[in-house]
Each structure stands twice: as C-alpha cells, then as structure tokens.
Amino acid sequence: QVQLVESGGGLVQPGGSLRLSCTASGFTGTGYTFKDYAINWYRQAPGKERDLVAGNSREGITVYIDSVRGRFTLSRDNAQNTAYLQMSSLKPEDTALYYCNIRRDRNQFWGRGTQVTVST
C-alpha cells in the first residue's frame with residue numbers, strides 16, 4: 001500500500017524554524033507514482049478541527065492559509081518521493097499535529113502526523 005511518513009517535528013522556541021518532511025512509498029504496481037499526486041499539509045491542534053495549511057497541485061500552484069503565508073513554504077522533490085514544509089518565524093499558535101496528504105482524483109493517502117510544539 002501507499003504509505004506516507006512525516007518527520008521533522010519537535011519542540012522549537014518562538015521565532016525558530018523547522019522543516020517537515022513527508023516521504024511516500026509503496027507505489028510499485030499501482031500504475032502511479034509520487035509525481036501524479038497533489039500534496040497538502042494539514043494541521044490539527046487539540047480541541048480544534050484539522051485545517052489545511054498549504055497545498056500544491058501537480059500544475060505547480062501552491063496555496064497557503066493567511067496565517068502562514070510568508071512564513072511557510074511547501075516544496076516537493078518528486079525524484080525522492082518527498083514533500084517538505086519549511087516553517088520559519090514560528091509562533092505558539094502554530095503548535096499542532098501536522099499531517100501530510102496526497103491526492104489523485106478520488107484517491108488520497110494520509111500520514112500519521114508529526115508534532116510541532118512552539119513554546120519557550
């Protein structure tokens with residue numbers, strides 16, 4: 001099966017930076033590969049809904065929510081089957097479990113998340 005594994009989360013002080021990674025595997029035999037999927041990063045804080053943070057289509061269009069625009073950057077390396085979320089100028093309100101999601105047509109896959117905690 002296609003699997004996504006996030007990494008790079010951790011504890012960081014306000015104003016710090018982190019780079020999250022999402023590595024995909026299991027495409028062999030599916031007829032598709034990583035480059036065929038759009039990428040989305042979501043986050044969910046305790047007691048809150050899971051919200052889209054950034055998304056990147058196969059056409060190369062990237063969108064961000066207002067609260068992270070200018071601070072977060074989504075990128076992808078199709079040769080490495082990996083997506084990234086570079087986060088800078090982190091704020092306490094960025095604290096959440098961050099999820100990687102890939103989608104192709106009606107098919108989608110989720111990682112289990114990586115925790116980001118921004119605190120002194």
Side-chain angles (χ1 to χ4, degrees):
Q1 299 183 41
V2 174
Q3 290 186 317
L4 305 178
V5 179
E6 301 100 333
S7 62
L11 176 64
V12 64
Q13 295 184 352
S17 299
L18 286 174
R19 187 177 74 162
L20 307 183
S21 298
C22 171
T23 300
S25 62
F27 293 107
T28 301
T30 67
Y32 302 99
T33 188
F34 187 69
K35 64 178 174 56
D36 297 313
Y37 292 82
I39 298 170
N40 299 283
W41 283 95
Y42 290 79
R43 69 185 182 187
Q44 185 171 26
K48 298 184 178 180
E49 296 182 343
R50 185 177 300 184
D51 295 325
L52 177 70
V53 177
N56 178 254
S57 72
R58 291 174 292 170
E59 293 76 25
I61 300 173
T62 303
V63 297
Y64 302 91
I65 58 173
D66 290 342
S67 61
V68 309
R69 189 175 297 109
R71 299 188 298 118
F72 290 12
T73 301
L74 188 159
S75 62
R76 64 191 299 167
D77 185 342
N78 290 331
Q80 297 295 322
N81 289 351
T82 301
Y84 303 95
L85 185 66
Q86 178 67 49
M87 306 181 295
S88 63
S89 301
L90 284 163
K91 305 174 181 179
E93 50 263 45
D94 295 318
T95 296
L97 188 64
Y98 284 72
Y99 297 91
C100 178
N101 166 270
I102 63 171
R103 291 198 294 264
R104 180 192 178 277
D105 296 331
R106 298 181 64 86
N107 296 323
Q108 64 178 323
F109 302 94
W110 292 85
R112 294 184 61 84
T114 184
Q115 179 67 41
V116 172
T117 302
V118 185
S119 176
T120 58

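Predicted, not measured: the structure shown is a model, and the values here were computed from it.
For Arg19 and Tyr84, the positive end sits near the middle of the six-membered ring, less than 6.0 Å away and at most 45° from its axis.
Taking the ring pair (Phe, Tyr, Trp, His ring centres under 6.0 Å) definition, one finds that Tyr64 meets it with nothing, sequence neighbours left out.
Leu97 and Arg112 make their closest contact through CD2-O, 4.1 Å (heavy atoms, listed as atom of the first residue, atom of the second, distance). Contact detail for Ala24 and Leu4: the closest heavy-atom pair is CB-CD2, 3.4 Å. For the pair Ser17 and Ser89, the tightest heavy-atom approach, listed with the atom from each and the gap, is OG-N, 4.3 Å.
Using a 4.5 Å cut-off on side-chain heavy atoms (C-beta onward), Trp41 and Phe72 make no contact. Ser7 is not listed as a side-chain neighbour of Thr114, based on a closest heavy-atom distance of 4.5 Å or more. No side-chain heavy atom of Trp110 sits less than 4.5 Å from a side-chain heavy atom of Cys100. Side-chain contact between Asp94 and Met87: absent, with no pair of heavy atoms (C-beta onward) separated by less than 4.5 Å. Counting heavy atoms from C-beta on, the side chains of Leu18 and Leu90 come closer than 4.5 Å. Between Thr23 and Gln3, the closest side-chain pair of non-hydrogen atoms is not below 4.5 Å.
Residue Tyr37 holds its OH atom at 11.0 Å from CZ of Arg76, rounded to the nearest 0.5 Å. Of the inter-residue distances, the one linking Thr82 atom OG1 with Ile39 atom CD1 reads 9.0 Å to the nearest 0.5 angstrom.
Within 6.0 Å of the CD atom in Glu49, the count of heavy atoms belonging to other residues, nucleotides or ligands does not exceed 12.
In the hydrophobic clustering of this structure, Val5 does not group with Val116; members are Ile, Leu, Val, Met, Phe, Trp, Tyr whose side-chain heavy atoms approach within less than 4.5 Å, directly or through other members. Hydrophobic clustering places Ile102 together with Tyr32 (ILVMFWY residues linked when any side-chain heavy atoms are closer than 4.5 Å, directly or through intermediates). Both Val12 and Leu85 sit in one connected hydrophobic cluster of ILVMFWY residues. Membership requires side-chain heavy atoms under 4.5 Å apart, directly or through other members. Hydrophobic clustering (ILVMFWY, side-chain heavy atoms < 4.5 Å, transitive): Leu74 and Phe34 are in one cluster.
A donor-acceptor pair is defined here as one N or O able to donate and one able to accept, closer than 3.5 Å; such a pair exists between the side chain of Glu6 and the backbone of Gly113. Between the Thr95 side chain and the Val118 main chain, a donor and an acceptor come within less than 3.5 Å of each other.
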For this session: Go through the steps for Asn101 and Gln108 under the test side-chain contact (heavy atoms from CB on, under 4.5 Å), then give the verdict.
Result: CA-CA 7 Å; Asn101 166 270; Gln108 64 178 323; 2.9 Å; yes
For this session: Check step by step if side-chain contact (heavy atoms from CB on, under 4.5 Å) holds for Asn81 and Thr33.
Result: CA-CA 8 Å; Asn81 289 351; Thr33 188; 4.1 Å; yes
Problem set entry | CA sep, side-chain torsions, deciding dist, call: Asn107, Val2, side-chain contact (heavy atoms from CB on, under 4.5 Å) | CA-CA 11 Å; Asn107 296 323; Val2 174; over 6 Å; no
Problem set entry | Verdict with reasoning, Leu11 to Ser119, per side-chain contact (heavy atoms from CB on, under 4.5 Å) | CA-CA 7 Å; Leu11 176 64; Ser119 176; 4.2 Å; yes
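A donor-acceptor contact under 3.5 angstrom links the side chains of Tyr98 and Arg43, judged on distance only.
Under a 4.0 Å N-O distance rule, the pair Arg69/Asp66 qualifies as a salt bridge.
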